[in-house]
Amino acid sequence: MEPSFFERVYRLVRQIPRGRVASYGQIAALLGHPQAARTVGWALNALRGSEVADVPWQRVINSAGRISISRADLGADLQRALLEEEGVAFDARGYVDWKRFGWAGLEWREIEGLWGDVKI
DNA sequence: GCCCTGACTGCTA
DNA sequence: TTAGCAGCCAGGG
C-alpha cells in the first residue's frame with residue numbers, strides 16, 4: 001500500500017535533524033511535488049494528538065525563513081520557543097538564517113527507502 | 001464528483 | 001527577508 005501524501009510528509013519531516021529547519025516548499029519538492037507547499041502545510045495542520053509529539057512540525061517554516069502558522073492551539077510563539085530550545089536562532093525581525101540552520105535534505109535514494117521498509 | 005480552503009511560493013513592480 | 005497576486009495539490013463537505 002502506497003503511503004498517502006500526508007504520511008510521506010510526516011515521515012520526511014521526521015528526518016529533519018534537531019536544530020535544523022526546512023521549508024514547506026522544500027519538503028514538497030523532496031516528495032516530488034515542488035508546487036505542493038500548501039498541501040505540506042495542510043498536512044502538518046492536520047496533525048492531531050500523539051502525532052503532534054511524533055512529528056517535529058516546528059522545524060518546517062516558510063521559504064522566507066519565517067514562522068508561518070495560524071493555529072490557535074499550536075501557535076507561532078510555541079514554534080519559536082521549541083526551535084530556540086533546539087538551538088535555532090531568530091534575528092530581530094523574526095527570521096531564521098537558512099545558511100546556518102537550513103536542512104540540506106536527503107538523497108532521492110534515501111527518500112525512497114522511507115516508503116519501502118514500512119508497512120502501512 | 002465538484003467546489004472551497006489552506007502552517008506556501010515565485011514572479012512582478 | 002518589500003508588497004500584491006495568481007497558481008498549485010490534497011482533503012473534506
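Chain naming here is simple, since letters A, B, ... match the order of the sequence lines and numbering starts at 1 in each.
In this view, A:Asp97 satisfies the salt bridge (Lys or Arg N to Asp or Glu O under 4.0 Å) rule with no residue, not counting sequence neighbours. A search for side-chain contact (heavy atoms from CB on, under 4.5 Å) contacts involving A:Asp91 returns A:Arg93, A:Tyr95, not counting sequence neighbours. A:Arg80 meets the salt bridge (Lys or Arg N to Asp or Glu O under 4.0 Å) test with A:Glu84; sequence neighbours excluded. Evaluation of the side-chain contact (heavy atoms from CB on, under 4.5 Å) rule for A:Ala81 yields no partner, not counting sequence neighbours. Looking at residues two or more places apart in sequence or on another chain, you find a salt bridge (Lys or Arg N to Asp or Glu O under 4.0 Å) between A:Asp73 and A:Arg71. Legend: residues meeting side-chain contact (heavy atoms from CB on, under 4.5 Å) with A:Leu106, ordered by chain and number and at least two apart, are A:Leu12, A:Gln15, A:Trp103, A:Glu110, A:Ile111, A:Leu114. Take A:Arg14 and apply the salt bridge (Lys or Arg N to Asp or Glu O under 4.0 Å) test, not counting sequence neighbours, and it matches A:Asp54.
Residue A:Arg66 is classed as having no contact, given no heavy-atom separation below 4.0 Å to the nucleic acid. Residue contacts shown for A:Tyr95 include a base, since a base heavy atom lies under 4.0 Å away.
Residues in residues 17-38 of chain A take part in no salt bridge (charged side-chain N to carboxylate O under 4.0 Å, His left out) pair, two or more places apart or across chains. Legend: ring pair (Phe, Tyr, Trp, His ring centres under 6.0 Å) pairs involving residues 27-56 of chain A, not counting sequence neighbours, sorted by first then second residue: A:Phe5-A:His33.
Contact check of residues 39-58 of chain A against DNA chain C (heavy atom, cut-off under 4.0 Å) returns A:Thr39, A:Trp42. Within residues 73-84 of chain A, no residue places a heavy atom under 4.0 Å from DNA chain C.
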Would you list the protein and nucleotides 9-13 of chain B atom pairs, both N or O, that sit under 3.5 Å from each other?
unit_1	atom_1	unit_2	atom_2	d
B:dT9	OP1	A:Gly25	N	3.1
B:dT9	OP1	A:Ser63	N	3.2
B:dT9	OP2	A:Ser63	N	2.7
B:dT9	OP2	A:Ser63	OG	3.4

